[in-house]
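One structure is given here, and the rest of the page talks about it.
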There are 2 protein chains.
Amino acid sequence: MSCHQHVIDQLRGAGVRLTPQRALVLDVVYHSHGHLTADQVYERVRTQSPQVDLSTVYRNLVFLRQQGLIGELRLEGEPTRFEAVRSGAEHHHAVCSACGAMIEIAPADLAPLSEALVRNYGFAVSLVHLTLNGHCAACQPAGASDKGQSSPHGVEALAGSDAEAG
Amino acid sequence: MSCHQHVIDQLRGAGVRLTPQRALVLDVVYHSHGHLTADQVYERVRTQSPQVDLSTVYRNLVFLRQQGLIGELRLEGEPTRFEAVRSGAEHHHAVCSACGAMIEIAPADLAPLSEALVRNYGFAVSLVHLTLNGHCAACQPAGASDKGQSSPHGVEALAGSDAEAG
DNA sequence: ACTCCAGTTGCAAATCTTTGCAACTGGCTG
DNA sequence: CAGCCAGTTGCAAAGATTTGCAACTGGAGT
Ligand SMILES: [Mn+2]
Ligand SMILES: [Mn+2]
Ligand SMILES: [Zn+2]
Ligand SMILES: [Zn+2]
């Protein structure tokens with residue numbers, strides 16, 4: 001506890017405690033490059049402190065995400081992954097639904113959105129490590145020159161259930 | 001099977017079958033207003049066809065989402081919810097981390113993002129019923145006049161684990 | 001140093017979601 | 001209209017994530 005005063009300050013400021021378990025989870029995530037699953041974090045934490053529980057790892061991953069210290073990555077068909085949010089290395093991802101390619105997106109590309117939300121709704125959005133889906137340059141669907149959004153029309157009744165039941 | 005030819009066409013086009021189970025799931029979601037959990041969809045499907053399995057409901061919800069016919073809503077601390085993607089009623093959501101308020105966002109606010117991704121990466125993003133987090137107008141944090149993104153600095157070692165092992 | 005208590009933890013159990021697999025079936029083909 | 005087969009389904013089981021709860025502890029206050 002000497003360097004990383006900034007992080008400690010951030011955590012203290014939130015009225016929370018810096019337990020060895022929490023420090024370990026934070027440490028493991030920040031010392032890995034790439035995106036780790038909760039289980040991978042758990043395994044690495046265990047090499048340092050074998051009695052730590054998986055639920056504690058989960059709780060701390062959620063906590064650190066809420067603090068904005070780590071970001072999530074949810075890919076279709078696999079468990080959630082986590083990554084450090086490093087100053088100067090903030091980014092988002094675009095995943096191709098066709099080939100699985102994952103692109104890194106610069107935060108600047110989202111600035112207009114952030115501004116629009118403040119302007120139109122007074123909403124201060126927190127854009128941290130988003131995951132967007134779509135098609136990469138190499139996988140553009142055949143006849144791709146129209147609007148962009150396919151529009152499902154009014155599906156009235158395919159099987160006839162009762163209406164809304166709150 | 002007479003009206004909703006558009007939906008049937010869309011499904012056929014994907015090389016898939018319109019089974020009674022699938023039609024029921026689609027029907028339940030499209031006949032409800034608001035966001036339903038998988039379990040709520042399951043319950044409603046069961047009133048029509050009691051032997052349908054929960055896993056079938058899940059599989060179809062995933063499938064219909066991939067087809068762009070339904071959208072997801074993931075709120076902190078509760079199970080994923082689903083909603084019909086209705087032509088002319090497309091929208092996204094902004095959720096306040098402080099008070100839980102949920103705002104509806106117009107697709108137009110995301111148009112600049114969509115354009116930036118095509119321009120900068122050749123990526124055709126599919127923006128369907130996104131959920132963004134942040135703070136609503138009523139919950140702006142006290143001293144809020146700086147950049148916007150809090151920036152966690154380099155967390156070097158809080159507990160000292162080995163380096164990357166990915 | 002001693003006390004105190006809100007925030008945390010380990011453990012067990014619950015909840016939510018996905019998956020393997022053999023049987024089944026929609027809808028195309030002839 | 002019978003046959004076929006890729007796509008689906010029900011069921012059982014696994015996998016992923018969250019939660020209840022009593023014991024524990026960081027760190028603020030004295
Ligand atoms: Mn990343
Ligand atoms: Mn919605
Ligand atoms: Zn691609
Ligand atoms: Zn609010």
Side-chain angles (χ1 to χ4, degrees), chain A residues 1 4-5 7-26 28 35-43 45-46 48-67 70 72-82 158-159, chain B residues 1-2 4-5 7-28 35-43 45-46 48-67 70 72-82 158-159:
Chain A
M1 293 184 202
H4 23 276
Q5 197 57 45
V7 174
I8 292 178
D9 287 348
Q10 169 156 1
L11 297 181
R12 291 273 166 72
V16 297
R17 272 188 275 163
L18 185 55
T19 62
Q21 293 94 331
R22 177 163 295 165
L24 251 171
V25 170
L26 187 60
V28 163
H35 309 89
L36 301 177
T37 63
D39 216 59
Q40 290 175 318
V41 173
Y42 176 51
E43 288 308 330
V45 163
R46 264 149 66 99
Q48 304 288 127
S49 197
Q51 86 297 353
V52 175
D53 193 76
L54 176 58
S55 69
T56 296
V57 169
Y58 268 108
R59 280 190 281 230
N60 277 307
L61 288 172
V62 168
F63 174 81
L64 294 171
R65 173 171 53 65
Q66 291 175 334
Q67 295 301 309
I70 66 179
E72 285 188 348
L73 178 70
R74 306 181 105 127
L75 296 179
E76 183 70 52
E78 49 181 310
T80 304
R81 286 168 178 277
F82 301 86
L158 277 171
Chain B
M1 293 187 200
S2 52
H4 20 276
Q5 197 57 46
V7 173
I8 292 178
D9 287 348
Q10 168 155 2
L11 297 181
R12 291 272 168 72
V16 296
R17 269 188 276 162
L18 185 56
T19 62
Q21 294 93 330
R22 176 163 295 165
L24 251 172
V25 169
L26 187 60
D27 183 65
V28 163
H35 309 89
L36 300 178
T37 63
D39 216 59
Q40 290 175 320
V41 173
Y42 177 51
E43 288 308 331
V45 163
R46 265 150 67 99
Q48 304 289 127
S49 197
Q51 86 296 355
V52 175
D53 193 75
L54 176 57
S55 69
T56 295
V57 169
Y58 268 108
R59 280 191 280 231
N60 278 306
L61 288 172
V62 168
F63 173 81
L64 294 170
R65 173 170 53 65
Q66 292 175 335
Q67 294 301 310
I70 65 179
E72 285 188 347
L73 177 70
R74 304 182 104 121
L75 297 179
E76 182 72 52
E78 50 180 310
T80 303
R81 287 168 177 276
F82 302 85
L158 277 172

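In what follows, chains carry the letters A, B, and so on, assigned in the order in which the sequence lines appear, proteins first and then strands, with residues in each chain numbered from 1.
Listed pair B:Y58 / C:dT18 fails the phosphate criterion, with no side-chain N or O lying under 4.0 Å from OP1 or OP2. The phosphate of C:dG10 (OP1 or OP2) has a side-chain N or O of A:Q21 nearer than 4.0 angstrom.
What separates CD of A:Q40 from P of D:dA16 is a distance of 11 Å, to the nearest Å. Here C:dT18 presents its C1' atom at 14 Å from CZ of A:R74, a figure rounded to the nearest Å. A:L75 has its CG atom 16 Å from the C1' atom of C:dT18, to the nearest Å. Rounded to whole Å, the distance from CZ on A:R65 to P on D:dT18 is 8 Å. In this structure, B:D53 atom CG and C:dC16 atom P are separated by 16 Å, rounded to whole Å. With rounding to whole Å, B:L54 atom CG is found 15 Å from D:dA14 atom C1'. Counting to the nearest Å, the C1' atom of C:dC16 and the CD atom of B:E72 are 13 Å from each other. Look at CD on A:E78: it is 10 Å from P on C:dT19, rounded to the nearest Å.
Counting any heavy atom pair closer than 4.0 Å across all strands shown, A:D39 reaches no nucleic acid atom. A:T80 comes within 4.0 angstrom of sugar-phosphate atoms only, judged by non-hydrogen atoms across all strands, and of no base.
Closest-nucleotide positions on DNA chain D for B:Q51 and B:G77 were compared, and the one nearer the 5' end corresponds to B:Q51. Take the nearest nucleotide of DNA chain D for B:E76 and for B:T56: the residue whose nucleotide is more 5' is B:T56. For the pair B:S55 and B:T19, both in contact range of DNA chain C, the more 5′-proximal nearest nucleotide belongs to B:S55.
For the atom pair CD (A:Q66) and CG (A:N60), the distance works out to 11.0 Å, reported to the nearest 0.5 Å. For the atom pair A:E43 CD and A:D39 CG, the distance stands at 5.5 Å (nearest 0.5 Å).
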So which protein nitrogen or oxygen atoms get under 3.5 Å of nucleotides 21-25 of chain C's nitrogens or oxygens?
unit_1: C:dT25; atom_1: O2; unit_2: B:R17; atom_2: NH1; d: 2.4
unit_1: C:dT25; atom_1: O2; unit_2: B:R17; atom_2: NH2; d: 3.2

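Between the side chains of B:D53 and B:S55, at least one donor N or O lies within less than 3.5 Å of an accepting N or O.
For A:R22, whose side chain is taken as the heavy atoms from C-beta onward, the closest listed nucleotide among C:dT8, C:dG10, D:dT17 is C:dT8. Counting only heavy atoms from C-beta on, B:V52 has its side chain closest to D:dG10 among D:dG10, D:dT18, D:dG26.
Helix bend of the helix from C:dA1-D:dT30 to C:dG30-D:dC1: the angle between its two end axes, each built from five pairs, comes to 40° after rounding to 10°.
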